[in-house]
Amino acid sequence: MKCIAIDDEPFALDLVKDYIEKTPFLDCIGAFSNPLKALGFLMENKVDLLFLDINMPEITGIQFLNSLKHKPKVIFTTAYSEYGVESYDYDAIDYLLKPIKYERFLRAVGKAFELNKNILQDSMRVQTNQEEQEQVLIRSGSQIHKVSLEDICFIEGAGNYVNFHTSNKKIMALQTMKETIDQLPSAYFARVHKSYVVSMKHIDMVERHQITIQGHKIPIGITYREQFLNRYKSV
């Protein structure tokens, strides 16, 4: 975790910096006795964890935190115990009372590490779910193709079969057009004919009666024309 420390007392600042550097999962990328210089640093650098003294002469730690648009996780440090309750109003991970012992410091950063790990795991789960939602499985005979939705140019119905025309191949699947439409997100695709579904992204040209996608001429059915044209104009 990338950390910075802010404290107007040189000894306290050096102590926190030393604790950060001796902790394996922390990386000290800045230590500031002047909070205004720290503010400029935070505007240009991503920081995971901020060690912030509350009682400083030019600006308090609370005021400093309130000035940040994007607030990193924070551990407050101070010599005054009366600030403890107030610090938790700002979703502080912990509150360290000076003089800070390394054992107490470790407990505080352990909380930050676990919170950061959970956030990363949640982010990875969301990304995985999004990737899965952006793909479709197409069964063709004994084969199952995993195809990105972005690669599908248009779909052509042929009785109980449909042909998926992608950017580099054609896949025939034993399924109806209705079954196909049900598995596709309507935000990406539009039905333009009883036998055709097109990807809105891959449309090269639209005329009154037909659509061109990669040289293929796709008819626009009378039933679907008005709805499709209104949607296409709004894209």
Side-chain angles (χ1 to χ4, degrees), residues 1-2 27 29 40-48 68-73 115-235:
M1 298 178 67
K2 294 181 179 180
D27 179 20
I29 61 172
F41 182 87
L42 284 168
M43 292 175 68
E44 298 179 357
N45 298 274
K46 182 181 181 300
V47 173
D48 300 311
L68 299 179
K69 184 176 180 180
H70 302 290
K71 297 177 175 57
K73 289 180 280 294
L115 179 60
N116 191 59
K117 183 173 70 173
N118 291 337
I119 291 172
L120 287 174
Q121 288 174 343
D122 289 343
S123 177
M124 289 175 65
R125 278 194 290 269
V126 169
Q127 182 177 350
T128 300
N129 289 337
Q130 287 176 340
E131 289 174 353
E132 289 175 351
Q133 290 170 3
E134 291 172 359
Q135 295 175 335
V136 63
L137 297 178
I138 303 172
R139 182 183 294 276
S140 179
S142 61
Q143 300 176 333
I144 298 177
H145 301 261
K146 182 184 284 187
V147 179
S148 169
L149 293 175
E150 287 195 354
D151 287 340
I152 299 174
C153 299
F154 66 94
I155 300 157
E156 177 187 13
N160 290 327
Y161 290 86
V162 293
N163 291 311
F164 288 82
H165 293 259
T166 75
S167 52
N168 57 13
K169 60 186 173 182
K170 181 172 75 173
I171 304 170
M172 177 178 282
L174 177 59
Q175 61 188 64
T176 65
M177 184 62 79
K178 182 181 183 309
E179 291 170 337
T180 303
I181 291 171
D182 287 343
Q183 71 180 125
L184 296 174
S186 59
Y188 296 163
F189 297 91
R191 190 168 190 177
V192 297
H193 188 276
K194 66 178 181 179
S195 299
Y196 288 94
V197 171
V198 300
S199 165
M200 299 297 289
K201 174 185 175 181
H202 287 281
I203 294 174
D204 296 318
M205 183 172 64
V206 173
E207 299 170 84
R208 179 166 176 78
H209 300 292
Q210 67 181 11
I211 297 165
T212 304
I213 296 179
Q214 295 188 346
H216 296 275
K217 302 296 183 181
I218 299 164
I220 303 175
I222 295 175
T223 306
Y224 306 94
R225 183 178 300 152
E226 183 178 358
Q227 182 178 0
F228 167 73
L229 291 176
N230 287 337
R231 178 178 171 186
Y232 185 72
K233 291 173 185 176
S234 67
V235 173

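All heavy atoms count here, side chains included; hydrogens, waters and symmetry mates do not.
- For the side-chain hydrogen bond (donor to acceptor under 3.5 Å, both in side chains) test, no residue two or more places apart in sequence or in another chain qualifies with R139.
- Within a 6.0 Å radius of CD in Q227, other residues, nucleotides and ligands contribute 12 heavy atoms or fewer.
- Using a 4.5 Å heavy-atom cutoff, the side chains of N163 and F154 are not in contact.
- Remark: K46 pairs with D48 by the side-chain hydrogen bond (donor to acceptor under 3.5 Å, both in side chains) rule, at least two apart or across chains.
- The closest side-chain heavy-atom distance from K73 to M1 is below 4.5 Å.
- Looking only at distances, no side-chain donor or acceptor of K233 sits under 3.5 Å from a matching main-chain atom of N230.
- For Y161, the side-chain contact (heavy atoms from CB on, under 4.5 Å) partners are M172, L174, not counting sequence neighbours.
- Applying the side-chain contact (heavy atoms from CB on, under 4.5 Å) test to K146 and every residue at least two apart in sequence or in another chain returns Q135, L137.
- Applying the side-chain hydrogen bond (donor to acceptor under 3.5 Å, both in side chains) test to H165 and every residue at least two apart in sequence or in another chain returns E156.
- In this structure, N45 contributes its side chain and F41 its backbone to a donor-acceptor pair below 3.5 Å.
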Exercise. Where do Y196 and I155 land on the side-chain contact (heavy atoms from CB on, under 4.5 Å) test, with the steps shown first?
Worked result: CA-CA 6 Å; Y196 288 94; I155 300 157; over 6 Å; no
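- Taking the six-membered ring where the residue is Trp, the centroids of H193 and Y224 are separated by 6.0 Å or more.
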For this session: Test side-chain contact (heavy atoms from CB on, under 4.5 Å) on I152 and V136 and set out the steps.
Result: CA-CA 10 Å; I152 299 174; V136 63; 3.8 Å; yes
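- In plain terms, the two heavy atoms of A173 and F164 that are nearest each other are CB-CE1, 4.1 Å.
- Within the structure, salt bridge (charged side-chain N to carboxylate O under 4.0 Å, His left out) pairs that include any residue of residues 202-221 do not occur (at least two apart or interchain).
- To the nearest 0.5 Å, the span separating NE2 on H70 from CE on M43 amounts to 10.0 Å.
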Return all side-chain donor-acceptor pairs below 3.5 angstrom for residues 176-183, not counting sequence neighbours, or 'none' if the list is empty.
unit_1, atom_1, unit_2, atom_2, d
T176, OG1, E179, N, 3.2
K178, NZ, D182, OD2, 3.1
E179, OE1, T176, N, 2.9
T180, OG1, Q175, NE2, 2.7
T180, OG1, T176, O, 2.9
Q183, OE1, Q175, NE2, 2.8

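- At a threshold of 4.5 Å between non-hydrogen side-chain atoms, the residues V192 and V197 do not count as touching.
- For N160, the CG atom is loosely surrounded, since the number of other residues' heavy atoms within 6.0 Å does not exceed 12.
- In this structure, the side-chain contact (heavy atoms from CB on, under 4.5 Å) partners of S140, at least two apart in sequence or on a different chain, are H145, I171.
- For the residue pair L149 and F189, the shortest heavy atom distance occurs at O-CZ, 3.7 Å.
- Atoms CD1 and CG, from I220 and L229 in turn, are 5.5 Å apart once rounded to the nearest 0.5 Å.
- Contact annotation: the side chain of S167 approaches that of Q214 to within less than 4.5 Å [non-hydrogen atoms, C-beta and beyond].
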Exercise. Going through the checks in order, is the side-chain contact (heavy atoms from CB on, under 4.5 Å) test met by M205 and I211?
Worked result: CA-CA 6 Å; M205 183 172 64; I211 297 165; over 6 Å; no
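- Within the structure, the salt bridge (charged side-chain N to carboxylate O under 4.0 Å, His left out) test picks out the following pairs touching residues 188-203 (sequence neighbours left out): E150-K201.
- Annotation: side-chain hydrogen bond (donor to acceptor under 3.5 Å, both in side chains) contacts of T166 (sequence neighbours excluded): N168.
- Taking all atoms of both residues into account, the shortest heavy-atom contact from Y188 to R231 is N-NH2, 4.1 Å.
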For this session: Take I138 and I144 through the side-chain contact (heavy atoms from CB on, under 4.5 Å) test and state the conclusion after the steps.
Result: CA-CA 6 Å; I138 303 172; I144 298 177; over 6 Å; no
